[in-house]
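Take a look at the structure set out below.
Only this structure's heavy atoms are used, side chains among them; waters, hydrogens and symmetry mates stay out.
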Amino acid sequence: MTTSREQQLTEAFVALSDTLGDDVDPLVLLGRLIHHSVALTPIDAAGVMLVNARGGLRSAITTEHATELTEVWQAQIRQGPCIEAFTTGMPVHAIDLDTQVDRWPDFVPVARAAGYHSAHALPLSLQGQNIGALNLLGRHPTPLTAQETHLLRAMADVATTAVLTWDRQTLRPQDVTTRTQAALSGKAVFDIASGMLAATVDSTPAEAGLQLHAYAARHHQRPTDVADRLVHRTLDPQAVLAPLSREA
């Protein structure tokens, strides 16, 4: 049975607004945002950058490792579509990066080396406060229609609200930075755990991260909770790496 676009959109918005599941945390919600962004538009890869306690952007989650590299570089050189979207609070569209060398002389070569030739970014904001940017990349020059941009902004707004209110407490202005920092801290723990798993089986951190996500999904746990247990040695890495058949 073929899933209609209307059904896909409904499922996307329901998933992005779900803050009640036991396995939901900010990174899970942001992960849903970027995966739906890729699934519902011509974009090939996506990521989210969030503001940290010092006011700088940091990579929180991506669909591809190459995307994370472009985000890390943007944060270091303070140049690129995400930086502009976050700073101005406006969408940024670069259909063909070859035409943007004068605009982003340091970012464009890195993005192209990573395999991307198109870049878009949308600001993430709540209550008038910018808290990050949605990073959208294409392997070929990729325009976004007004309808696609509207859809992405709507999904981003829903996900941002869900991330910052996922514990259902009343949000205060000072909570915004605290919660984006919590999401970034969760990302740091997840990266450490992925590195530990990768070293155990001589794989890449990206591959190990997928196994960690799969384990968390099978056991109805938050990925960040699983990562924390791995880092604190209360969970055996082999349990996460074991094939599904061994857990039956």
Side-chain angles (χ1 to χ4, degrees), residues 15-36 46-54 56-65 67-69 71-72 75 124 126 131-132 134-135 159-169 171-172 174-244 246-248:
L16 291 172
S17 61
D18 176 20
T19 61
L20 301 179
D22 291 337
D23 59 344
V24 173
D25 66 14
L27 288 182
V28 169
L29 292 168
L30 293 176
R32 292 173 182 174
L33 170 62
I34 60 176
H35 285 290
H36 284 301
V48 168
M49 299 187 74
L50 294 176
V51 65
N52 64 8
R54 296 183 178 180
L57 288 184
R58 294 294 181 269
S59 178
I61 192 166
T62 60
T63 58
E64 299 178 358
H65 180 59
T67 305
E68 184 171 357
L69 294 178
E71 293 184 349
V72 170
L124 301 179
L126 185 66
I131 59 99
L134 175 61
N135 188 22
T160 300
T161 301
V163 164
L164 296 179
T165 60
W166 67 279
D167 62 359
R168 304 182 71 188
Q169 294 180 359
L171 186 66
R172 300 169 301 171
Q174 60 266 38
D175 291 333
V176 173
T177 299
T178 299
R179 296 199 184 166
T180 58
Q181 186 62 41
L184 291 173
S185 297
K187 172 63 163 52
V189 174
F190 185 90
D191 285 346
I192 293 171
S194 297
M196 292 169 57
L197 291 176
T200 301
V201 294
D202 194 24
S203 67
T204 67
E207 292 169 340
L210 291 176
Q211 289 179 291
L212 196 159
H213 271 293
Y215 177 91
R218 293 197 300 271
H219 293 272
H220 307 289
Q221 298 177 17
R222 298 187 182 101
T224 47
D225 288 343
V226 174
D228 187 72
R229 291 171 61 200
L230 285 167
V231 170
H232 288 90
R233 309 291 183 178
T234 60
L235 177 63
D236 186 352
Q238 292 299 335
V240 177
L241 297 168
L244 180 59
R246 295 183 185 176
E247 300 182 355

Which atom names give the shortest non-hydrogen contact between Ala216 and Val226, and what distance separates them?
-> CB-CG2, 3.9 Å
Can you name the nearest heavy-atom pair linking Leu27 to Ala60, along with the distance?
-> CD2-O, 3.7 Å
Could you check Leu134 against Ile34 for side-chain contact (heavy atoms from CB on, under 4.5 Å), going step by step and ending with a plain yes or no?
-> CA-CA 8 Å; Leu134 175 61; Ile34 60 176; 4.1 Å; yes
Verify side-chain contact (heavy atoms from CB on, under 4.5 Å) between Thr224 and Val189, making sure each step is shown before the conclusion.
-> CA-CA 7 Å; Thr224 47; Val189 174; over 6 Å; no
To the nearest 0.5 Å, atom CD1 of Ile192 lies from atom CG of Asp228 at 10.0 Å
Measure the spacing between CD of Glu207 and CG of Leu241 and express it to the nearest 0.5 Å.
-> 11.5 Å
Any sub-3.5 Å donor-acceptor pair from Thr63's side-chain atoms to His35's backbone N or O?
-> no
What one should report as the nearest heavy-atom pair of Thr200 and Gln238 is CG2-NE2, 3.3 Å
Would you mind telling me which of Leu124, Leu33, Leu30, Leu29 makes a side chain to side chain contact (heavy atoms under 4.5 Å, CB included) with Thr160?
-> Leu124
Close side-chain approach of Leu235 to Tyr215, heavy-atom, < 4.5 Å | yes
Heavy-atom pair with the smallest gap, counting every atom of Ser194 and Pro205 = CB-O, 3.6 Å
Please report the shortest heavy-atom distance between Leu212 and Pro223, naming the atom on each side.
-> CD2-O, 3.5 Å
Could you state the interatomic distance from CG (Leu57) to CD1 (Ile131), rounded to the nearest 0.5 Å?
-> 9.5 Å
What pair of heavy atoms forms the shortest contact from Pro237 to Leu230, and how long is it?
-> CA-CD2, 3.8 Å
Asn135 and Thr62: side-chain contact (heavy atoms from CB on, under 4.5 Å), yes or no, with the steps?
-> CA-CA 9 Å; Asn135 188 22; Thr62 60; over 6 Å; no
Go through the steps for Glu68 and Asp191 under the test side-chain contact (heavy atoms from CB on, under 4.5 Å), then give the verdict.
-> CA-CA 12 Å; Glu68 184 171 357; Asp191 285 346; 4.1 Å; yes
Output yes when Asp225 and Arg229 qualify as a salt bridge under the 4.0 Å nitrogen-oxygen rule, no when they do not.
-> no
